[in-house]
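Note that the structure is a prediction, hence the values are computed from the model and not measured.
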Amino acid sequence: MKFSTLSTLSLVYATTVAATPSFSQRAACSKGRTASSATCCVWYNVLDDLQANLFEHQCGDDAHDALRLSFHDAIGYSPKLKSQGQFGGGGADGSLIKFGAIELEYPSNEGLESIVMAEKDLADKYGVSYGDIIQFAGVVSVRNCLFGPRIAFMAGRPSATQAAPDGLVPAPFDNVTTILARVEDAGLTPEEIIDLLASHSIAFQEHVDPTIPGTPFDLTPAIFDNNFYRDVLLPGSVVPGSGLHTGEVKSPFPHEFRLQSDFALARDSRTSGHWLALGLNQHLMVSRFATAMAKMALLGQNSGILHDCSEVIP
C-alpha cells in the first residue's frame, strides 16, 4: 500500500481548513458577523436556521442523514459513462434534491426523503443552490459531533441539469473490486474511500435491517473517533437483529451493526493497510477525512468559479 508522504498530507489538509482571512475590507453580515466576501454572508443565516431548526445543535438523526446525503449526491458522477456518450451525472450538484422525484426512487437513496425535503426548504428560503446546501449541511453535521473536524466549504455550485443515473452509489453488498472501481471512476482513490468511511463512526443504519432501526455502526455514534476502524477488525460472532440481511455480516457486539462492505474493505489487501493506519491514529483519521470530504464535495464541479466560505463553518 502506498501512503502519502507527511509533507504532501500536510499540504493537502491545509486546503481543507479555513484560513484566517484578512480583516481589511470585510463584508458586514447579520448579527455583527463579517466575511471575507459578501457572497458568504447568506451562509451565516443558513447556519443559524439549520442548527436551530433541523440539527438542534446536535449530532443526531438529521445530522447523520445530512452527512449521508452529501456522499450520495456527490458520488453520482461517472466520467466513464460520459466517455461512452451517456450522461454520467453532475457530481455534487444537488440533483438529489432538484430531481428528487427520480433519484429518491433509487434503492440506494432509501431513507433520504426527509432530509432532502428539509434541505430543499432551506435552499429555497435563502436562495442558495441545492448542491451548496447539501455539502454545507454535510460539513456542519460533522462539526456538531464530538471531535468532528472543521472542513472546507466552497459555495456557488450551478444548478443540476439532469438526474444522476441509478447505480452510482456503492452498495453494502458490493465486493471490494466493484466499490473501488466505482469510486475511482468518480475521482476518488482507494485510500480516500477508506478515509470517508470515518463517517460510519457517527452513522446509523435503518434500512438494511429495519427490525433494529437506529442501531449504531459504532458503540459511540455521537463521537467522531477511530473506534470504528478497530471494531470492524474484530471477528464477528453476533447477529444484532432478526437475522443476517443482504449487506450485513456478523458483529463482535450485540448492539453493533456491521456492514458487509466495511468488513471486506478492512480485510482486502488493497485497503487493509490504510484501514489499520486510521484505526491506530485518531489525528490521521480526522485529517484524512477532512481532506477527502472537501475533495468529494467538488466532484463534477469547477472549483475555479466557487467561493471559499469555509470561515462560516463553526
Side-chain angles (χ1 to χ4, degrees), residues 12-67 69-70 73-74 92-94 97 114-159 199 202 222-224 286-287 289-291 293-298 301-314:
V12 175
Y13 180 50
T15 68
T16 71
V17 291
T20 303
S22 169
F23 282 87
S24 61
Q25 300 180 340
R26 289 181 62 82
C29 306
S30 62
K31 300 181 181 180
R33 296 170 291 199
T34 64
S36 56
S37 169
T39 303
C40 298
C41 283
V42 65
W43 291 104
Y44 281 119
N45 302 327
V46 176
L47 176 67
D48 292 343
D49 202 333
L50 180 70
Q51 291 281 54
N53 300 312
L54 186 61
F55 292 164
E56 299 178 341
H57 299 274
Q58 297 180 19
C59 183
D61 288 348
D62 289 318
H64 303 149
D65 288 343
L67 182 55
L69 176 59
S70 68
D73 189 58
D93 62 353
I97 292 180
S114 178
I115 193 65
V116 162
M117 292 308 301
E119 292 188 16
K120 181 180 186 302
D121 289 345
L122 274 173
D124 291 344
K125 180 178 180 179
Y126 293 99
V128 297
S129 78
Y130 295 148
D132 283 351
I133 193 68
I134 288 176
Q135 298 308 320
F136 182 75
V139 298
V140 171
S141 74
V142 173
R143 195 62 174 152
N144 280 352
C145 302
L146 187 61
F147 305 140
R150 193 181 191 198
I151 303 166
F153 169 64
M154 306 292 286
R157 292 168 182 77
S159 181
S199 61
I202 54 173
I223 302 178
F224 191 85
V286 170
S287 63
F289 176 79
T291 301
M293 191 164 174
K295 178 179 177 178
M296 178 198 79
L298 297 178
Q301 301 302 300
N302 176 7
S303 61
I305 67 171
L306 303 182
H307 304 279
D308 187 351
C309 295
S310 303
E311 62 195 303
V312 177
I313 306 302

Exercise: identify the closest heavy-atom pair between [X] and [Y]:
X      : Y      : answer
Ile305 : Pro158 : CD1-CD, 4.3 Å
Ser141 : Leu67  : OG-CB, 3.7 Å
Ala152 : Val139 : O-CG1, 4.1 Å
Asp308 : Phe153 : OD1-O, 3.6 Å
Ser70  : Ile134 : CA-CG2, 3.5 Å
Arg26  : Ser36  : NH1-N, 3.6 Å

Without hydrogens or angle criteria, can the side chains of [X] and [Y] be said to hold a donor-acceptor pair below 3.5 Å?
X     : Y      : result
Asp49 : Tyr126 : yes
Gln51 : Asn144 : yes
Asp93 : Tyr130 : no

Could you check whether any side-chain N or O of [X] sits under 3.5 Å from a backbone N or O of [Y], counting only pairs where one atom can act as donor and the other as acceptor?
X      : Y      : result
Asp65  : Ile115 : no
His307 : Gly156 : no
Tyr44  : Thr34  : yes
Arg157 : Ile133 : no

Would you mind listing every salt bridge (charged side-chain N to carboxylate O under 4.0 Å, His left out) that reaches into residues 51-60, with sequence neighbours excluded?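 Listed once each, the pairs would be none.
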
Taking NZ, NE, NH1 and NH2 as the nitrogens, is one of them in Lys125 or Asp121 under 4.0 Å from a carboxylate oxygen of the other? no

Give a yes or no on whether a salt bridge exists between Asp48 and Arg33, defined as a side-chain N under 4.0 angstrom from a carboxylate O.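 Looking at Asp48 and Arg33, the cut-off is met.
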
Measure the spacing between CE of Met296 and CD of Gln135 and express it to the nearest 0.5 Å. 4.5 Å

From CD1 (Ile223) to CG (Leu146), nearest 0.5 Å: 5.5 Å

Under a 4.5 Å cut-off applied to non-hydrogen side-chain atoms, are [X] and [Y] in contact?
X      : Y      : result
Val46  : Val312 : no
Glu119 : Ile97  : yes
His64  : Ser199 : no
Leu122 : Leu50  : yes

Using the ring of each side chain (for Trp, its six-membered ring), is Phe136 parallel, tilted or perpendicular to Trp43, with breaks at 30° and 60°?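 Plane angle between 30° and 60°, so tilted.
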
side-chain contact (heavy atoms from CB on, under 4.5 Å) between Leu298 and Leu306, intermediate numbers included: CA-CA 10 Å; Leu298 297 178; Leu306 303 182; 3.6 Å; yes

Under the salt bridge (charged side-chain N to carboxylate O under 4.0 Å, His left out) rule, collect the residues that match up with Arg143, sequence neighbours excluded.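 Once residues adjacent in sequence are excluded, Arg143 has no partner under the salt bridge (charged side-chain N to carboxylate O under 4.0 Å, His left out) criterion.
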
Determine whether the interatomic SG-SG distance for Cys40 and Cys29 falls below 2.5 angstrom. no

